[in-house]
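To start, the structure itself, in structure tokens.
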Amino acid sequence: MLYKGSCHCGKIAFEVEGEIDQAMDCNCSHCSRKGYRLWFAPAASFKLKSAEGDYGVYHFNRHAIDHHFCTVCGCAPFAWGKSPNGDKTAAINLRCIEDLDLSTIKTVQVDGRSF
Ligand SMILES: [Zn+2]
């Protein structure tokens with residue numbers, strides 16, 4: 001299925017292809033502050049519809065993930081990271097997907113705080 005996502009003001013917009021089967025709820029200091037519900041997709045399934053690089057980037061800890069956020073409205077709809085085998089992976093904030101009822105998606109608790 002093709003999903004559309006964006007920040008609140010629309011400066012960052014994307015499409016992602018796949019089946020959203022679960023939402024990761026991580027308790028680390030960053031995820032809990034932003035309220036992320038994450039789902040991961042291979043880079044090939046992710047298409048940025050807005051200008052490449054026209055967003056803020058936040059790094060912390062090991063700087064393994066590029067956390068993108070809108071410099072206008074502050075939403076953080078996606079990040080770039082790597083899967084365990086090293087492939088470029090999009091981390092999608094499901095709260096920024098259009099017409100997705102999060103209450104129908106299985107939530108998986110991840111204890112990122114202890115990593
Ligand atoms: Zn925005």
Side-chain angles (χ1 to χ4, degrees):
M1 187 168 167
L2 186 70
Y3 296 95
K4 292 175 190 289
S6 66
C7 66
H8 191 257
C9 75
K11 183 177 174 180
I12 301 173
F14 61 87
E15 291 178 351
V16 60
E17 178 76 45
E19 290 308 318
I20 298 178
D21 51 350
Q22 63 177 46
M24 191 185 90
D25 181 9
C26 174
N27 65 1
C28 86
S29 58
H30 183 244
C31 290
S32 59
R33 277 174 173 77
K34 284 189 170 155
Y36 282 132
R37 287 292 183 277
L38 294 175
W39 171 74
F40 302 93
S45 305
F46 181 90
K47 201 170 280 156
L48 192 67
K49 306 296 281 184
S50 51
E52 187 68 51
D54 191 12
Y55 35 65
V57 185
Y58 179 62
H59 294 120
F60 70 104
N61 197 7
R62 289 173 291 139
H63 289 221
I65 304 171
D66 299 329
H67 295 280
H68 297 308
F69 60 92
C70 176
T71 54
V72 176
C73 69
C75 293
F78 79 102
W80 282 121
K82 284 190 170 29
S83 68
N85 63 11
D87 293 335
K88 189 177 181 187
T89 300
I92 312 295
N93 183 3
L94 294 180
R95 294 194 184 278
C96 296
I97 298 287
E98 280 174 24
D99 303 324
L100 181 70
D101 183 357
L102 265 182
S103 69
T104 64
I105 310 275
K106 181 178 72 166
T107 300
V108 177
Q109 307 289 336
V110 174
D111 187 18
R113 192 168 291 256
S114 304
F115 288 173

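Whatever order the structure lists ligands and atoms in, that order sets their numbers, starting from 1.
Centroid-to-centroid, the aromatic rings of Y55 and F69 stay 6.0 Å apart or farther.
Without hydrogens or angle criteria, N93 side chain to A76 main chain gives a donor-acceptor distance under 3.5 Å.
Note on H8: not counted as a metal contact of the Zn ion (ligand 1), no N/O/S atom lying under 2.8 Å. The Zn ion (ligand 1) has no N, O or S atom of C75 inside 2.8 Å of it.
The closest side-chain heavy-atom distance from I92 to L38 is not below 4.5 Å.
C7 contributes SG and C73 contributes SG; the angle these two atoms make at the Zn ion (ligand 1) is 110°, rounded to 10°.
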Determine, stepwise, if the pair K106 / D21 fulfils salt bridge (Lys or Arg N to Asp or Glu O under 4.0 Å). CA-CA 7 Å; K106 181 178 72 166; D21 51 350; over 6 Å; no
